[in-house]
Amino acid sequence: MAASLTGAQARRIAVAAQGFTEPKPRGAVTRAHLRRLVNRIQVLQLDSVSVAVRAHYAPVFSRLGPYDRGVLDGAAWSHSARAPRLLVEYWAHEAALMAVDDWPLLRWRMREYTHGRWGTHIVKANPQLVDDVVAAVTDLGPATAGQIEEYLGAEQRGRKGPWWDRSDTKWVTEALFASGVLTTATRVGFARHYDLTERVLPPEVVARVVDDDEAVRELCLRAAGALGVATEADLRDYFRLSAKQAKPAIADLVAKGELEPVVVDGWAAPAYLRAGQTVARVDRGTALLCPFDPLIFFRPRVERLFGFHYRIEIYTPAAKRQYGYYVWPFLLDGRLVGRVDLKAERTRDALHVVGAFAEPGEDRSRVAAALAVELTTMAQWLGLADVTVGERGDLVGALERAVVTAAR
């Protein structure tokens, strides 16, 4: 008979698994801190939105506190004998940074994406262009898709603009990234500079071959470690696995004792506990969570764990948004108690709270006081002098007063 957990126990396990209950470093955050964090949460999702701070920087701040973003940049996009590259980009969850050593675990996906993730018909119709792009990168070294296109003398198709206006060269370049032929050597102003994978990653990583079934089992196990307790759907979502892949992998991990079946009160589906997990007796963990934080990747899981309905509203027309454009849930003592729409306004030298909302039944004064501290710390981390508060939401009044107090 499967063991059982209360909803509160499951929530505490999940928050602890993501590193929110660990003490923050007292001194400067180092590459060693970053390595340990990535080993715990596995992925840092990349996203182009920069209204507050780019998504991959935020989970590190949320767990380790203010840090030099150059530490993450160096770990992801540079290499030297003294400071080897720690992270590499790939389609791990969505576009994400993951440990360099884990890149071979996704070779099966690279084979699935032989002709890219999207626009496969374009790639299949242009085999010569595929060869030309590889040759161009071989000659150029790290280069953007635009630089590759210019080198080849290719004509732009349509206007420059959103991803759906990509030229054939850009589609092919992105497909070569998806298939593992190219990877990101560096980023400049968030623009990806592609290079041959064998010139970016260590030869032993490129040469390592992992059996597909073994790779999927390892990804399921790592997802379980990052989630603490999870349903099959939760485990699949973390690395975007199919049910066909995940079901036998999970069964094998259960048979080996690495996952333990559990029943969680209020969860309709069976769950799995990573072996060796302990259950905290009290809720702990306070942080601002960007929309792409691993704790809240999978929105159905967020509702199960926290009773918190959350949807990103970037693509919702402004007049129809309930909470705002780029809303950060607020974790206070291990529970999601509010949400805040944030914008870094460089011209005003301020982190601006466009809107702030408390969850029903929460003590607004308590939430505002804790949130003001986190916002003040975040503003300082981003090099902004002030925190300003707008007019939207039931929390803004209390938050404005709390921000004044926190600034004293």
Just by modelled atom types, is the [Y] backbone N or O under 3.5 Å from a matching donor or acceptor in the [X] side chain?
X    : Y    : answer
E22  : G19  : no
D386 : T388 : no
R311 : R299 : no
D234 : T231 : yes
T120 : H115 : no
R54  : S48  : yes
R63  : A287 : no
T186 : W77  : yes
R12  : R284 : no

Side chain proximity check, [X] to [Y], heavy atoms < 4.5 angstrom:
X    : Y    : result
L288 : L371 : yes
R240 : E94  : yes
I314 : Y326 : yes
R335 : E359 : no
F239 : Q245 : no
P329 : F308 : yes
P104 : V205 : yes
V229 : Q277 : no

Does this structure show an ion pair linking [X] with [Y], if we count only N-O contacts that are shorter than 4.0 Å?
X    : Y    : result
R346 : D349 : no
E400 : R364 : no
E313 : K320 : no
D341 : R321 : no
E218 : R222 : yes

Which pair of heavy atoms, one from [X] and one from [Y], lies closest together, and at what distance?
X    : Y    : answer
G225 : R274 : CA-NH1, 3.6 Å
V88  : A99  : CG1-O, 4.0 Å
A52  : W328 : CB-CZ2, 4.0 Å
A271 : V264 : CB-CG2, 4.0 Å
E362 : V367 : CB-CG2, 4.0 Å
A14  : L295 : O-CD1, 4.1 Å

Lys/Arg cation over aromatic [Y]: [X], 6.0 Å, 45° cone:
X    : Y    : answer
R301 : Y238 : no
R117 : W91  : yes
R192 : F177 : yes
R339 : Y310 : no

Rounded to the nearest 0.5 Å, how far does [atom2] of [Y] lie from [atom1] of [X]?
X    : Y    : atom1 : atom2 : value
F330 : L399 : CZ    : CG    : 9.5 Å
L351 : K343 : CG    : NZ    : 11.5 Å
W103 : D101 : CH2   : CG    : 12.5 Å
R217 : E258 : CZ    : CD    : 9.5 Å
T183 : L176 : OG1   : CG    : 11.5 Å
L34  : L37  : CG    : CG    : 6.5 Å

Before giving the answer on side-chain contact (heavy atoms from CB on, under 4.5 Å), spell out for V134 and L196 the whole-Å C-alpha distance, their side-chain angles and the decisive distance to 0.1 Å. CA-CA 8 Å; V134 173; L196 301 177; 4.2 Å; yes

If the test is ring pair (Phe, Tyr, Trp, His ring centres under 6.0 Å), which one of F61, W381, Y57 qualifies with Y67?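 It is W381, the one option of F61, W381, Y57 that forms the ring pair (Phe, Tyr, Trp, His ring centres under 6.0 Å) with Y67.
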
If you count heavy atoms of other groups shown closer than 6.0 angstrom to CD of E112, is the number above 12?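 Result for CD/E112: enclosed.
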
Do other residues, nucleotides or ligands put more than 12 heavy atoms under 6.0 Å from K247 NZ?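 Check fails, neighbour count at 12 or below.
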
Is there a donor-acceptor contact under 3.5 Å linking the side chains of E174 and Y194?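 The criterion, which ignores hydrogens and geometry beyond distance, is satisfied for Y194 and E174.
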
Hey, are R187 and H193 close enough side-chain-wise for a donor-acceptor pair under 3.5 Å?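 No, because no side-chain N or O of H193 sits under 3.5 Å from a partner of the opposite role on R187.
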
What is the ring orientation for H93 with F297, classed by angle as parallel under 30°, tilted 30 to 60°, or perpendicular over 60°?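 Rings of H93 and F297: parallel, as their planes differ by under 30°.
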
How far apart are the C-alpha atoms of V38 and M98, what are their side-chain angles, what is the distance that settles it, and do they pass the side-chain contact (heavy atoms from CB on, under 4.5 Å) test? CA-CA 7 Å; V38 172; M98 61 188 295; 5.9 Å; no

Pick from R109, R107, R111: which one makes a side chain to side chain donor-acceptor pair (under 3.5 Å) with D212?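 For D212, the side chain to side chain donor-acceptor pair (under 3.5 Å) test succeeds with only one of R109, R107, R111, which is R111.
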
Could you walk me through whether D47 and H56 satisfy the side-chain contact (heavy atoms from CB on, under 4.5 Å) test, starting with their C-alpha distance in whole Å, then the side-chain angles of each, then the deciding distance to 0.1 Å, before giving a yes or no? CA-CA 7 Å; D47 190 79; H56 58 290; over 6 Å; no

Taking it one step at a time, do M378 and L342 satisfy side-chain contact (heavy atoms from CB on, under 4.5 Å)? CA-CA 11 Å; M378 183 177 180; L342 293 180; 3.9 Å; yes

